[in-house]
Amino acid sequence: MTEKTTGASYAAAGVDIEAGDRAVELMKEWVKKTQRPEVLGGLGGFAGLFDASALKRYERPLLASATDGVGTKVDIARQLGVYDTIGHDLVAMVMDDIVVCGAEPLFMTDYICVGKVHPERVAAIVKGIAEGCVLAGCALVGGETAEHPGLLGPDDFDVAGAGTGVVEYDRLLGADRIRTGDAVIAMASSGLHSNGYSLVRHVLFDRAKMSLESHVEELGRTLGEELLEPTKIYSLDCMALTRTAEVHAYSHITGGGLAANLARVIPDHLHATVDRTTWAPGAIFDLVGKAGQVEQLELEKTLNMGVGMMAVVPQESVDVALTALADRGVDAWVAGEILDRGDHREGATLTGTYAS
């Protein structure tokens, strides 16, 4: 009598196709909320479709693209079991890069990699991405959920995304427009955003032995709540500002800190100086600095220090720009100016001492 053997299967290897199908069904309602009239078809196809005839109104349309992830902030979400905010971070990291050149965000796709598909968890992540897309004014046209058993633990996950925008050629923003005497306007961040979490986690957890559940008086909430605060999405605010006032350039303050990111849009013959006395960084920045005895310059090249986006505008546009941002509920102020490069080697520097 021949012994019956059991062959290998995808399920036995740890991949649950049915759970993946269930996750797609759960996320469909959220994706639908992001749709723009140019989007064709629905979720489930092999590719997202966007009607490019909508670009005919442009004389010379330039497509802008960007891709990014959220980094180790996802581990905070995993530990707390909170999955519906991390998508805001993803959209902000992608679409706020796109809007820097003056482009209108059009659509994005996401990639969610998990150790094991928990349909409700995946749907919660997509819900956050969809809500972020609404805040950025773009459509979520598709994505991919990949299950990687053996490579990731059953509760581990990561997210990434790519986005596309469009800008008229003669309205492209950047270094070529910046002039001596321009003002640098800072827009407040909502907290740490999505950069520097490797340093933050090392300082607060490994060195200071703090707990995500502990209430921190200086923060007015638990440490976990502070660390999961979603990244502010500036896309629509920047687009509105560009329509209202003359803007020469934007800088999205992400990895590398304020000075390094601002320097990316400063031409070689000019220099941006930013005055620290014009704002007080939030309590979380002071907490990280003190808990890890992190030097100020190290903090500044890792964290945003309370500024998530900067705009470079001519002096005559300052009042209009600040009013436009205030009308949209954006906390903004004049933080610096553009000068001739002179002896400066860097494109941007910080001066003074932070306000208290």
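Model, not experiment: these values are computed from the prediction.
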Decide whether [X] and [Y] are clustered together by the hydrophobic rule: side chain heavy atoms of Ile, Leu, Val, Met, Phe, Trp, Tyr closer than 4.5 Å, transitively.
{"X": "V288", "Y": "L258", "result": "yes"}
{"X": "V167", "Y": "F107", "result": "no"}
{"X": "L236", "Y": "M310", "result": "no"}
{"X": "I266", "Y": "L350", "result": "yes"}
{"X": "V91", "Y": "M309", "result": "no"}

Can you tell me how far apart [atom1] ([X]) and [atom2] ([Y]) are? Round to the nearest 0.5 Å.
{"X": "Y234", "Y": "S190", "atom1": "OH", "atom2": "OG", "value": "6.0 Å"}
{"X": "E120", "Y": "D84", "atom1": "CD", "atom2": "CG", "value": "13.5 Å"}
{"X": "L80", "Y": "L212", "atom1": "CG", "atom2": "CG", "value": "5.0 Å"}
{"X": "H202", "Y": "R207", "atom1": "NE2", "atom2": "CZ", "value": "5.5 Å"}
{"X": "M108", "Y": "I129", "atom1": "CE", "atom2": "CD1", "value": "6.5 Å"}
{"X": "L173", "Y": "C101", "atom1": "CG", "atom2": "SG", "value": "7.0 Å"}

Taking the side chain as every heavy atom from C-beta outward, state whether [X] and [Y] have any pair of such atoms under 4.5 Å apart.
{"X": "L199", "Y": "V203", "value": "yes"}
{"X": "F285", "Y": "L299", "value": "no"}
{"X": "S251", "Y": "I253", "value": "yes"}
{"X": "V99", "Y": "M239", "value": "yes"}
{"X": "D97", "Y": "D68", "value": "yes"}
{"X": "L227", "Y": "I284", "value": "yes"}
{"X": "V200", "Y": "L192", "value": "yes"}
{"X": "L90", "Y": "Y111", "value": "no"}

Note: [X]-[Y] ion pair, threshold 4.0 Å (strictly below):
{"X": "E229", "Y": "R221", "value": "yes"}
{"X": "D237", "Y": "K232", "value": "yes"}
{"X": "R57", "Y": "E104", "value": "yes"}
{"X": "D75", "Y": "R201", "value": "yes"}
{"X": "R276", "Y": "E300", "value": "yes"}

Check: residues 149-165 side-chain donor-acceptor pairs under 3.5 Å, at least two apart:
{"unit_1": "D155", "atom_1": "OD1", "unit_2": "R121", "atom_2": "NH1", "d": "3.1"}
{"unit_1": "D156", "atom_1": "OD2", "unit_2": "G153", "atom_2": "N", "d": "2.9"}

Sequence-distant partners of A208, side chain to side chain contact (heavy atoms under 4.5 Å, CB included), two or more places apart: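 Residues passing side chain to side chain contact (heavy atoms under 4.5 Å, CB included) with A208: M210, A291.
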Test item: [X] side-chain N/O and [Y] main-chain N/O as donor-acceptor pair under 3.5 Å:
{"X": "H248", "Y": "R177", "answer": "yes"}
{"X": "E147", "Y": "V117", "answer": "yes"}
{"X": "K73", "Y": "H193", "answer": "yes"}

NZ or CZ of K209 within 45° of F205 ring axis and under 6.0 Å: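 Judged by the rule, K209 and F205 form no cation-pi pair.
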Could you tell me which non-hydrogen atom of [X] sits nearest to which non-hydrogen atom of [Y], and how far apart they are?
{"X": "S198", "Y": "T72", "answer": "N-OG1, 3.4 Å"}
{"X": "T302", "Y": "G196", "answer": "CG2-CA, 3.7 Å"}
{"X": "L228", "Y": "A77", "answer": "CD2-N, 3.8 Å"}
{"X": "M93", "Y": "G69", "answer": "CG-O, 3.7 Å"}
{"X": "E213", "Y": "S211", "answer": "OE1-OG, 2.8 Å"}
{"X": "I178", "Y": "A249", "answer": "CD1-CB, 3.8 Å"}

We want to know whether [X] and [Y] form a side-chain donor-acceptor pair, criterion being a heavy-atom distance below 3.5 angstrom.
{"X": "N195", "Y": "T254", "answer": "no"}
{"X": "H215", "Y": "E217", "answer": "no"}
{"X": "E225", "Y": "T222", "answer": "yes"}

Pairwise salt bridge (charged side-chain N to carboxylate O under 4.0 Å, His left out) hits with a residue in residues 284-296, at least two apart: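 Every salt bridge (charged side-chain N to carboxylate O under 4.0 Å, His left out) pair that includes a residue of residues 284-296, provided the two are not neighbours, is D286-K290.
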Audit row: R179, E337, salt bridge (Lys or Arg N to Asp or Glu O under 4.0 Å) steps and yes/no: CA-CA 10 Å; R179 300 289 183 266; E337 62 180 330; over 6 Å; no
For S235, side-chain hydrogen bond (donor to acceptor under 3.5 Å, both in side chains) partners two or more places apart: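 Here the qualifying residues are D96.
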Does [X] [atom1] have over 12 foreign heavy atoms under 6.0 Å away?
{"X": "D176", "atom1": "CG", "answer": "no"}
{"X": "D268", "atom1": "CG", "answer": "no"}
{"X": "R341", "atom1": "CZ", "answer": "yes"}

Working for side chain to side chain contact (heavy atoms under 4.5 Å, CB included), residues M95 and C138: CA-CA 9 Å; M95 286 306 178; C138 67; 3.7 Å; yes
Check against side chain to side chain donor-acceptor pair (under 3.5 Å), T180 and D340: CA-CA 6 Å; T180 302; D340 290 328; 3.0 Å; yes
Ring pair (Phe, Tyr, Trp, His ring centres under 6.0 Å) pairs, two or more places apart, involving residues 249-275: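 Counting only pairs at least two positions apart or across chains, the ring pair (Phe, Tyr, Trp, His ring centres under 6.0 Å) contacts touching residues 249-275 are H271-H344.
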Side chain to side chain contact (heavy atoms under 4.5 Å, CB included) assessment of E144 paired with I112: CA-CA 6 Å; E144 171 72 8; I112 303 171; over 6 Å; no
Pair Y354-D275, side chain to side chain contact (heavy atoms under 4.5 Å, CB included): steps then yes or no: CA-CA 8 Å; Y354 290 113; D275 185 357; over 6 Å; no
Chi angles and distances behind the side chain to side chain contact (heavy atoms under 4.5 Å, CB included) call for L106, L55: CA-CA 11 Å; L106 295 177; L55 307 184; 4.3 Å; yes
Quiz: residues 312-325 side-chain donor-acceptor pairs under 3.5 angstrom, not counting sequence neighbours:
{"unit_1": "Q315", "atom_1": "NE2", "unit_2": "G181", "atom_2": "O", "d": "2.9"}
{"unit_1": "T323", "atom_1": "OG1", "unit_2": "D319", "atom_2": "O", "d": "2.9"}

